[in-house]
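What follows is one structure encoded as structure tokens, with my remarks underneath.
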Amino acid sequence: MAFYPLQIAGLVLGFLGMVGTLATTLLPQWRVSAFIGSNIIVFERLWEGLWMNCIQQARVRLQCKFYTSLLALPPVLETARALMCVAVALSLIALLIGICGMKQIQCATSNERIKAYLLGTSGVLFILTGIFVLIPVCWTANIIIRDFYDPAVHVGQKRELGAALFLGWASSAVLFIGGGLLCGFCYCNKKKKWHRYPAPTYSVPHTDKRRRVTVLSKTSSSYV
């Protein structure tokens with residue numbers, strides 16, 4: 001199977017994207033407190049994530065609390081939770097399928113064509129995972145920016161972009177690149193097999209009429 005470094009790079013990037021997706025899901029720094037005033041002394045920082053809120057006091061003490069009520073959460077947060085959980089599950093499935101499609105792994109099959117299709121499927125799932133990560137991250141960032149520049153929102157309720165959002169964007173980019181490499185490997189492998197084994201051409205069997213007539217004449221003369 002050719003292009004072996006290509007599939008290795010795709011799976012490594014897919015694994016990094018899966019780790020980044022899991023970290024983005026668990027980190028509480030989706031929305032952080034915004035300091036708009038001129039006071040340079042800050043005693044508290046607020047972090048809001050998908051699963052908990054955290055308060056850091058004087059950069060020393062950190063207190064976190066999980067959301068107690070699931071029904072009291074806003075629809076945006078519930079949707080972001082669901083999409084990120086689906087993204088983590090898809091990235092894990094894509095990684096397992098990609099490992100089964102490796103050349104040295106014989107757990108699934110030894111057919112190179114099937115392994116190439118497995119790697120292509122893994123690449124598609126990685127790209128789909130990047131889309132699932134990108135939707136809640138961009139949606140949350142859009143809400144934060146909209147509320148930040150809205151004069152009707154109180155200053156204490158304004159938030160800024162947290163580190164988890166930037167990690168989500170980076171993870172999506174890594175997933176897109178890794179999935180693209182695996183899909184490219186599947187396409188290149190399929191194209192190579194097509195050129196190596198061209199379609200067979202069928203020809204009409206040719207018979208020598210003169211030889212057949214000579215043999216028939218000799219046979220008929222032998223009986224006379």
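Computed from a predicted structure; not experimentally measured.
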[X] side, atom [atom1]; [Y] side, atom [atom2] - distance, nearest 0.5 Å:
X: Asn53; Y: Trp30; atom1: CG; atom2: CH2; result: 14.0 Å
X: Cys54; Y: Gln63; atom1: SG; atom2: CD; result: 9.5 Å
X: Arg81; Y: Leu50; atom1: CZ; atom2: CG; result: 7.0 Å
X: Phe126; Y: Leu181; atom1: CZ; atom2: CG; result: 11.0 Å
X: Leu161; Y: Ile145; atom1: CG; atom2: CD1; result: 5.0 Å

Of all the heavy-atom pairs spanning [X] and [Y], show the shortest one and how long it is.
X: Gln56; Y: Leu62; value: CB-CD1, 3.8 Å
X: Cys183; Y: Gly120; value: SG-O, 3.9 Å
X: Leu119; Y: Gln7; value: CD1-OE1, 3.1 Å
X: Gly162; Y: Val32; value: CA-CG1, 4.0 Å
X: Tyr67; Y: Gly49; value: OH-O, 2.9 Å

Report summary line: Those residues at least two apart in sequence (or on a different chain) that pass side chain to side chain donor-acceptor pair (under 3.5 Å) with Glu48 are Arg31, Arg159
Report summary line: The side chain to side chain donor-acceptor pair (under 3.5 Å) partners of Asp147 (sequence neighbours excluded) come to none
Side-chain polar contacts of residues 131-144 - donor-acceptor pairs under 3.5 angstrom, sequence neighbours left out - could you list them?
from	atom 1	to	atom 2	distance (Å)
Thr140	OG1	Pro136	O	2.8

Query raised in the report: Going through the checks in order, is the side chain to side chain contact (heavy atoms under 4.5 Å, CB included) test met by Val153 and Lys158?
Result: CA-CA 7 Å; Val153 179; Lys158 294 181 183 294; 4.1 Å; yes
Donor-acceptor contacts, no H, no angles, side chain residues 8-20, under 3.5 Å, sequence neighbours left out:
none

Donor-acceptor list for residues 84-97 side chains, cut-off 3.5 Å, not counting sequence neighbours:
from	atom 1	to	atom 2	distance (Å)
Ser91	OG	Ala87	O	3.2
Ser91	OG	Val88	O	2.7

Requested in this report: Verify side chain to side chain contact (heavy atoms under 4.5 Å, CB included) between Ile55 and Trp47, making sure each step is shown before the conclusion.
Outcome: CA-CA 6 Å; Ile55 300 178; Trp47 297 344; over 6 Å; no
Report task. Please check if Leu73 and Val76 belong to a single hydrophobic cluster, counting links between Ile, Leu, Val, Met, Phe, Trp and Tyr side chain heavy atoms closer than 4.5 Å. Result -> no
Query raised in the report: Applying the 4.5 Å side-chain criterion to the ILVMFWY set and letting contacts propagate, would Leu27 and Phe66 be lumped into a single cluster?
Result: no
Tell me which donor-acceptor pairs under 3.5 Å the side chains of residues 165-179 have, and how far apart each pair is, sequence neighbours excluded?
from	atom 1	to	atom 2	distance (Å)
Ser171	OG	Leu167	O	2.8
Ser172	OG	Gly130	O	3.4
Ser172	OG	Gly168	O	3.0

